[in-house]
Amino acid sequence: MDKINYNRIKAVLAEENVASKELAKHLDKTESTVSRWCTNDVQPSVEVLYQIAKFLDVDIRELLVSTK
């Protein structure tokens with residue numbers, strides 16, 4: 001079964017020219033945790049998505065794969 005991508009965290013980090021290491025430090029998470037979000041192995045909570053959006057100064061919807 002193909003893995004479904006639910007988030008665009010990796011893409012948005014690249015678009016904003018921010019390293020995943022910086023995001024991990026800001027959120028007080030391990031680099032491994034952020035890596036797993038970026039590869040869609042696990043998903044962050046809605047609260048953490050909000051914190052990521054605020055840190056990257058993007059609309060939270062940009063972090064999610066569109067259903068349309």
Side-chain angles (χ1 to χ4, degrees):
M1 185 174 187
D2 293 330
K3 181 166 57 167
I4 298 173
N5 289 333
Y6 295 103
N7 76 60
R8 299 183 61 250
I9 295 171
K10 183 177 183 176
V12 176
L13 284 169
E15 290 166 7
E16 298 297 320
N17 201 28
V18 175
S20 58
K21 181 184 262 188
E22 293 176 61
L23 178 61
K25 184 176 180 180
H26 176 78
L27 296 175
D28 196 29
K29 303 287 185 188
T30 65
E31 291 178 45
S32 174
T33 296
V34 173
S35 175
R36 294 181 70 205
W37 295 338
C38 289
T39 58
N40 277 273
D41 289 336
V42 295
Q43 302 305 316
S45 67
V46 173
E47 292 86 357
V48 173
L49 274 176
Y50 180 83
Q51 292 172 350
I52 295 168
K54 294 293 275 184
F55 176 70
L56 296 174
D57 194 29
V58 298
D59 188 300
I60 195 170
R61 292 174 289 188
E62 290 184 44
L63 298 174
L64 301 171
V65 174
S66 177
T67 58
K68 296 282 179 177

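Basis for what follows: all heavy atoms, side chains included, without hydrogens, waters or symmetry-related copies.
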Would you tabulate the side-chain donor-acceptor contacts of residues 52-68 under 3.5 Å, counting partners in other chains and residues two or more places apart, or write 'none'?
{"from": "D59", "atom 1": "OD1", "to": "R61", "atom 2": "N", "distance (Å)": "2.8"}
{"from": "D59", "atom 1": "OD1", "to": "R61", "atom 2": "NE", "distance (Å)": "3.0"}
{"from": "D59", "atom 1": "OD2", "to": "R61", "atom 2": "NE", "distance (Å)": "3.4"}
{"from": "D59", "atom 1": "OD2", "to": "R61", "atom 2": "NH2", "distance (Å)": "2.8"}
{"from": "S66", "atom 1": "OG", "to": "K68", "atom 2": "N", "distance (Å)": "3.1"}
{"from": "S66", "atom 1": "OG", "to": "K68", "atom 2": "O", "distance (Å)": "3.3"}

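Summarising the geometry, atom OG belonging to S20 is positioned 14.5 Å from atom CZ belonging to R36; distances are rounded to the nearest 0.5 Å.
Both Y50 and V34 are members of a single hydrophobic cluster when ILVMFWY side chains are connected at heavy-atom separations under 4.5 Å. The hydrophobic clustering, which links ILVMFWY residues whose side-chain heavy atoms are closer than 4.5 Å, places V42 and L49 together.
Sorted by first and then second residue, the pairs that involve residues 6-19 and meet salt bridge (charged side-chain N to carboxylate O under 4.0 Å, His left out), not counting sequence neighbours, are R8-E15.
Applying the side chain to side chain donor-acceptor pair (under 3.5 Å) test to S32 and every residue at least two apart in sequence or in another chain returns nothing.
Between L23 and K29 there is no side-chain heavy-atom pair separated by less than 4.5 Å. Contact check for L27 versus W37: side-chain heavy atoms found under the 4.5 Å cut-off.
Residues Q43 and N7 share a closest heavy-atom pair of OE1-ND2, 2.8 Å.
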Practice problem: Might you work through the side chain to side chain contact (heavy atoms under 4.5 Å, CB included) test for V12 and V18, ending with a clear yes or no? | Solution: CA-CA 8 Å; V12 176; V18 175; over 6 Å; no
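Side chain of S35 to main chain of E31: no donor-acceptor pair is present (N/O by atom type, distance under 3.5 Å, no hydrogens or angles).
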